[in-house]
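Here is the structure we will look at.
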Amino acid sequence: MRILAIETSCDETGIALIEATGGVRAPRIRILKNLVSSQIAVHAPFGGVVPNLAKREHLKNLPVLYGKISANSKSEMLDPGQTRDLKSKIQKIDLVAVTVGPGLEPALWTGITFAKELWKKLKTQNPNIKLVGTNHLEGHLYSFLLAKNYQLKTKNLFPAIALIVSGGHTILLTMDSPVRWKKIGETRDDAVGEAFDKVARLLNLPYPGGPEIEKLANRGNPEAIAFPRPMLDQKNYDFSFSGLKTSVLYYARDHKPTTNDHNLKADIAASFQQAAIDVLISKTKRATKEFGARSILLSGGVAANRALRKRLLVVSRKLSVNFMAPPMKFNTDNAVMIGVAGYMSFLRKKARRFAAQGNLDL
Ligand code: KG4
Ligand code: ZN
């Protein structure tokens with residue numbers, strides 16, 4: 001199945017062209033084209049995403065990206081050595097997939113409207129082309145299919161524990177198969193990515209804060225400051241990051257790191273990162289043991305954090321389970337993962353309301 005996917009839920013405009021085979025039991029993905037236009041520079045002066053600016057940028061970017069995909073471009077193919085004619089592939093699209101939620105509604109609407117128009121246009125060439133509304137969180141969840149070590153050994157893959165860590169969500173799930181999952185815990189306040197972004201702001205680091213905190217943390221001492229590990233000892237799988245963020249705020253207020261005080265700032269970043277990761281690791285590890293999982297699947301923007309990946313890899317080796325996380329560029333928002341989730345939704349005949357749903361759940 002050839003799928004054109006569109007993602008506009010937050011501050012990345014993404015369009016991708018993929019081929020999916022294998023069905024719901026053993027899906028396999030081939031990426032023909034993956035384009036992401038980041039709006040970081042636009043939102044950075046405001047220290048966070050401004051919904052109406054995001055909408056404006058998506059409106060501007062969508063036709064440009066689609067133009068690049070539908071033009072006879074050969075330059076950005078992901079598969080090495082390939083020189084295929086994308087134009088003819090566009091004419092043979094079977095499915096258009098677009099994120100309908102969760103996310104910023106004005107931003108979501110731009111993608112939905114664009115997808116609908118495009119679907120109508122492509123329908124004149126291919127009357128069988130379908131349109132599917134996709135859940136952004138399912139996109140993150142399914143991005144393990146893009147991991148380098150993903151194989152069709154589905155028997156050894158499940159049951160799995162999936163950890164989704166993004167700017168808007170922190171969710172722990174059990175997965176019995178690619179189509180059966182159950183949420184076992186989530187954050188009760190801030191998402192972990194949101195905590196990274198807020199802590200970065202109080203350290204006067206640019207937006208988005210996650211990668212900046214990670215960079216700074218590499219130079220700091222993670223044991224320097226004993227920040228709290230919220231809900232670590234509670235025997236549930238929920239999280240809370242707002243208290244940790246407040247502790248960092250008080251610490252920074254009492255110790256006043258100046259812009260030149262690189263060591264103190266680095267120690268704060270490293271100690272905060274360590275505290276946040278400790279909680280994520282501890283709960284994921286306990287869930288893996290309790291549910292007898294054979295794999296740990298990590299996804300979402302914060303999955304780009306190398307310290308988190310490294311520690312989850314160590315845990316998975318100790319527990320003799322698989323560890324899968326997508327390559328770096330597929331952790332943060334992209335349209336490839338939306339194409340994958342769209343494929344699964346289409347096969348499962350999951351009809352979603354074709355309207356922006358800001359709070360859509362998994
Ligand atoms: O999945 P994503 O692109 O968007 C949402 O669906 O929210 O995640 C974005 C989040 C932001 O909070 C960003 O700061 C965080 O992921 N992030 C990171 C890193 N890279 C991105 N957090 C920690 N370390 C990173 N390297
Ligand atoms: Zn996301």
Side-chain angles (χ1 to χ4, degrees), residues 9-12 47-49 102-103 136-137 139-141 143-144 161-173 183-203 205 207-218 220 222 225 227-234 236-249 251 268-288 296-313 315 323 325-326 328 330-333 359 361-362:
S9 70
C10 193
D11 59 345
E12 317 277 5
V49 184
H136 181 86
L137 292 171
H140 281 305
L141 182 61
S143 57
F144 75 89
I161 293 294
L163 176 65
I164 305 176
V165 278
S166 71
H169 296 84
T170 308
I171 304 175
L172 205 53
L173 306 132
K183 196 194 280 186
I184 56 170
E186 65 189 321
T187 184
R188 294 190 181 170
D189 41 56
D190 291 356
V192 63
E194 193 179 348
F196 269 84
D197 293 337
K198 286 177 175 170
V199 167
R201 228 148 103 175
L202 21 125
L203 295 178
L205 300 172
Y207 158 87
E212 298 293 327
I213 292 278
E214 179 177 8
K215 241 189 283 168
L216 195 57
N218 286 336
I225 307 151
F227 288 129
R229 271 75 174 150
M231 300 185 71
L232 185 75
D233 298 320
Q234 290 186 21
N236 54 39
Y237 294 110
D238 282 345
F239 303 93
S240 162
F241 292 101
S242 140
L244 169 58
K245 169 203 68 192
T246 309
S247 293
V248 179
L249 173 73
Y251 190 90
I268 294 175
S271 302
F272 157 76
Q273 180 175 278
Q274 178 94 332
I277 293 179
D278 276 356
V279 185
L280 294 173
I281 296 284
S282 159
K283 300 238 168 180
T284 307
K285 192 173 163 185
R286 188 157 55 77
T288 306
I296 297 173
L297 314 174
L298 175 70
S299 63
V302 184
N305 186 286
R306 286 182 178 78
L308 174 62
R309 290 170 89 99
K310 229 186 252 169
R311 284 189 54 197
L312 267 185
L313 183 65
V315 165
F323 171 61
M328 283 304 177
F330 299 118
N331 293 297
T332 44
D333 292 347
N359 297 317
D361 206 346
L362 256 178

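Values below: every heavy atom of this structure, side chains too, minus hydrogens, waters and symmetry copies.
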Working for side chain to side chain contact (heavy atoms under 4.5 Å, CB included), residues T170 and L280: CA-CA 9 Å; T170 308; L280 294 173; 3.9 Å; yes

Start with the C-alpha gap between I213 and L203, add the side-chain angles, then the distance that decides, and say whether side chain to side chain contact (heavy atoms under 4.5 Å, CB included) holds. CA-CA 9 Å; I213 292 278; L203 295 178; 4.2 Å; yes

Stepwise side chain to side chain contact (heavy atoms under 4.5 Å, CB included) check, T288 with V315: CA-CA 10 Å; T288 306; V315 165; 5.9 Å; no

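For the pair N331 and P326, the minimum side-chain heavy-atom distance is below 4.5 Å. Side chains of D11 and Y207 form a contact here, defined as non-hydrogen atoms less than 4.5 Å apart. Counting heavy atoms from C-beta outward, H136 and S166 have side chains that stay 4.5 Å or more apart.
Note that CG of L172 and OG1 of T284 are 5.0 Å apart. Values are rounded to the nearest 0.5 Å. We find the NZ-CG distance between K310 and N305 to be 10.0 Å, quoted to the nearest 0.5 Å. Rounding to the nearest 0.5 Å places CG of L308 at 11.0 Å from CG of L313. To the nearest 0.5 Å, the span separating CD1 on I184 from CG on L173 amounts to 7.5 Å. If you take CG on D197 and CG on L202, they are separated by 11.0 Å, rounding to the nearest 0.5 Å. Atom CE of M231 sits about 4.5 Å away from atom CG of N236, to the nearest 0.5 Å.
R306 and E214 get closest at one heavy-atom pair: N-OE2, 2.8 Å. Nearest heavy-atom pair across A303 and V165 is N-CG2, 3.8 Å. Of all heavy-atom pairs spanning P102 and N359, the tightest one is CB-C, 4.2 Å. Contact record, S9 with D333: OG-OD2, 4.2 Å, taken as the closest heavy-atom pair. Looking at every heavy atom in both residues, C10 comes nearest to V49 through SG-CG2, 4.0 Å. Scanning all heavy atoms of the two residues, the minimum distance from E194 to G167 falls at CB-O, 3.6 Å.
Between F239 and F241, the ring planes are parallel. Angles under 30° get that label, and only those over 60° would be called perpendicular.
Without hydrogens or angle criteria, R229 side chain to F227 main chain gives a donor-acceptor distance under 3.5 Å. Judged by distance alone, the side chain of S299 and the main-chain N or O of H140 form a donor-acceptor pair under 3.5 Å. Here the side chain of S271 pairs a donor or acceptor atom with the backbone of I225 at under 3.5 angstrom.
Exactly one residue among D189, D190, T187 makes a side-chain hydrogen bond (donor to acceptor under 3.5 Å, both in side chains) with S240. That residue is D189. Residue D278 is tested with R311, K283, Q273 for a side-chain hydrogen bond (donor to acceptor under 3.5 Å, both in side chains); the sole match is R311.
No more than 12 heavy atoms of other residues, nucleotides or ligands sit less than 6.0 Å from atom CZ of R201. Around atom NZ of K183, more than 12 heavy atoms belonging to other residues, nucleotides or ligands sit under 6.0 Å away.
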